[in-house]
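Input: a single structure, listed below in structure tokens.
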Amino acid sequence: MSQHLMNTYARIPVRVARGEGAWLFDEDGTRYLDTLTGIGVCSLGHAHPEIAEVIARQARTLVHAANVGHIPLQEELAGRLAEISGLDQAFFCNSGAEALECCFKLARLHGRQKGIAEPQIVVVSRSFHGRTIACISATDSEKVQGGFGPLVPGFLRVPFDDAGSIARLADDRDDIAAVLCEPILGEGGVVVPHDGYLAELRRICDQHDWLFMADEVQTGMGKTGRWFGYQHEGILPDVIAVAKALGNGVPIGACVARDRAGNLFSPGKHGSTYGGNPLACATALKVIEIMQRDRLVERAAELGQRIMAGLRKRLASDDRVVEIRGRGLMIGIETRAACGPIRDAALEAGMIINVTRDNTIRLLPPLIIDDALADRIVDTVSNLIKAWQT
Ligand code: PLP
């Protein structure tokens with residue numbers, strides 16, 4: 001542990017040195033099957049040769065250029081994102097939190113255009129949206145918010161997966177500009193809402209002329225078996241936030257919008273020094289190309305079914321397990337007791353898993369694994385849970 005690092009992470013005792021595909025290696029050469037992928041980032045695995053090649057080539061060509069000129073790779077990436085999302089215009093930044101900040105600003109501009117003096121954004125319980133002051137204000141976690149007040153005003157919270165509560169809010173208030181939620185709660189415990197929830201939110205937003213904004217930072221880029229989580233319900237949000245797997249580890253985020261929402265900014269209203277630089281855009285373009293060529297979105301759906309079916313078969317009768325849920329390769333196993341010990345035991349068994357909300361094992365394996373590795377995840381996790389002395 002370095003005395004020169006701020007104390008922000010409760011780290012697992014692994015000193016990472018390198019990666020290869022689905023595997024991470026520590027400084028001693030011990031290897032771990034990585035089902036966390038840098039928290040849902042490295043969907044193509046580690047050190048993907050084509051990603052390494054494009055990074056090297058772009059580094060030799062042009063790493064960074066200011067957004068004062070035109071950046072062709074950025075224009076191309078915006079076009080590809082429009083294709084896969086069904087939306088129109090992108091703003092590029094460097095992280096999920098920044099993509100969310102862009103969403104908040106669009107919502108406020110939209111509200112102002114409607115004559116609302118203090119536009120409100122409806123957010124949901126158990127949400128997580130990042131670590132800036134505005135993002136923690138939108139997030140529903142005492143742990144995340146505690147000690148950082150005063151928080152940013154302008155967020156109204158309703159229960160997740162309860163569209164009725166939003167409809168009721170609409171009866172009481174005339175200052176709402178937007179609704180924001182994750183299609184599947186990620187940090188909140190891999191919680192999948194009931195079918196029709198997102199479509200109902202879409203309908204309510206249309207009815208009141210609110211923007212419907214989806215935080216796709218974790219669910220996006222194929223992880224759930226569709227490019228984006230909202231596509232499971234055949235709807236289009238007005239605005240989405242994308243990051244994580246978009247760059248497979250090279251920092252990039254995007255806020256993508258359509259119609260009016262995509263045209264709310266004018267020059268000078270928003271910006272980011274690094275946002276959409278050639279290195280990040282070349283990498284993200286290659287990520288999308290590989291995912292399409294190798295049918296990795298479809299593969300995520302197949303693998304997810306295989307892993308979840310396997311886990312359900314192996315753990316169905318285990319009363320330590322409350323529920324196995326998820327979509328594609330975003331999988332949660334909720335346990336009755338806090339399951340930190342499983343994470344620790346997984347390390348001993350050569351696997352990195354993650355625990356969220358203390359009692360949910362979260363699996364976000366890379367989309368490039370073969371069936372044998374998928375089965376290995378099922379075997380290892382099931383065996384660890386069965387051997388767990390609670
Ligand atoms: N939104 C969601 C749903 C997330 O899961 C995260 C990060 O985990 C963020 C936003 C914040 O992204 P970043 O850490 O890149 O700022």
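Note that ligands are numbered from 1 as they come in the structure, with each ligand's atoms numbered from 1 the same way. Residue numbers start at 1 and run along the sequence shown. Computed from a prediction, not measured in an experiment: that's the story for all the values here.
- Scanning the protein for heavy atoms near atom 5 (O) of ligand 1, the closest one is Gln218 NE2, 2.8 Å.
- Ala97 N, 2.8 Å is the protein heavy atom nearest to atom 16 (O) of ligand 1.
- Regarding atom 15 (O) of ligand 1, its nearest protein heavy-atom neighbour is Gly96 N, 2.8 Å.
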Side chain to side chain donor-acceptor pair (under 3.5 Å) evaluation trace for Gln58 with Thr61
CA-CA 5 Å; Gln58 193 58 44; Thr61 311; 4.9 Å; no
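- Of the residues Gln231, His232, Glu216, the one that meets the side-chain hydrogen bond (donor to acceptor under 3.5 Å, both in side chains) test with Thr224 is His232.
- Around CD of Glu348, the count of heavy atoms belonging to other residues, nucleotides or ligands within 6.0 Å does not exceed 12.
- Below 4.0 Å from some heavy atom of Ser95 lie the following atoms of ligand 1, by number and element: 15 (O), 16 (O).
- Taking a distance limit of 4.0 Å, we find that atom 13 (P) of ligand 1 is approached by some protein heavy atom.
- When hydrogens are left out, the protein atom nearest atom 9 (C) of ligand 1 is Val217 CG1, 3.7 Å; that is the closest non-hydrogen contact.
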What's the verdict on side chain to side chain donor-acceptor pair (under 3.5 Å) for Asn277 and Gln74, showing C-alpha distance, side-chain angles and the deciding distance?
CA-CA 7 Å; Asn277 80 18; Gln74 200 183 99; over 6 Å; no
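- When only non-hydrogen protein atoms are considered, atom 1 (N) of ligand 1 lies nearest to Asp215 OD2, 2.7 Å.
- A donor-acceptor contact closer than 3.5 angstrom links the side chains of Ser272 and Asn94.
- Taking every heavy atom of Glu182 and a limit of under 4.0 angstrom, the matching atoms of ligand 1 come to 3 (C).
- No part of Glu98 comes within 4.0 Å of ligand 1, judged by heavy-atom distances.
- Here the heavy atom of the protein found nearest to atom 8 (O) of ligand 1 is Lys244 NZ, 3.0 Å.
- The aromatic ring centres of Phe104 and Phe155 sit less than 6.0 Å apart.
- Classified by interplanar angle (parallel below 30°, tilted 30° to 60°, perpendicular above 60°), the ring pair His194/Tyr197 is tilted.
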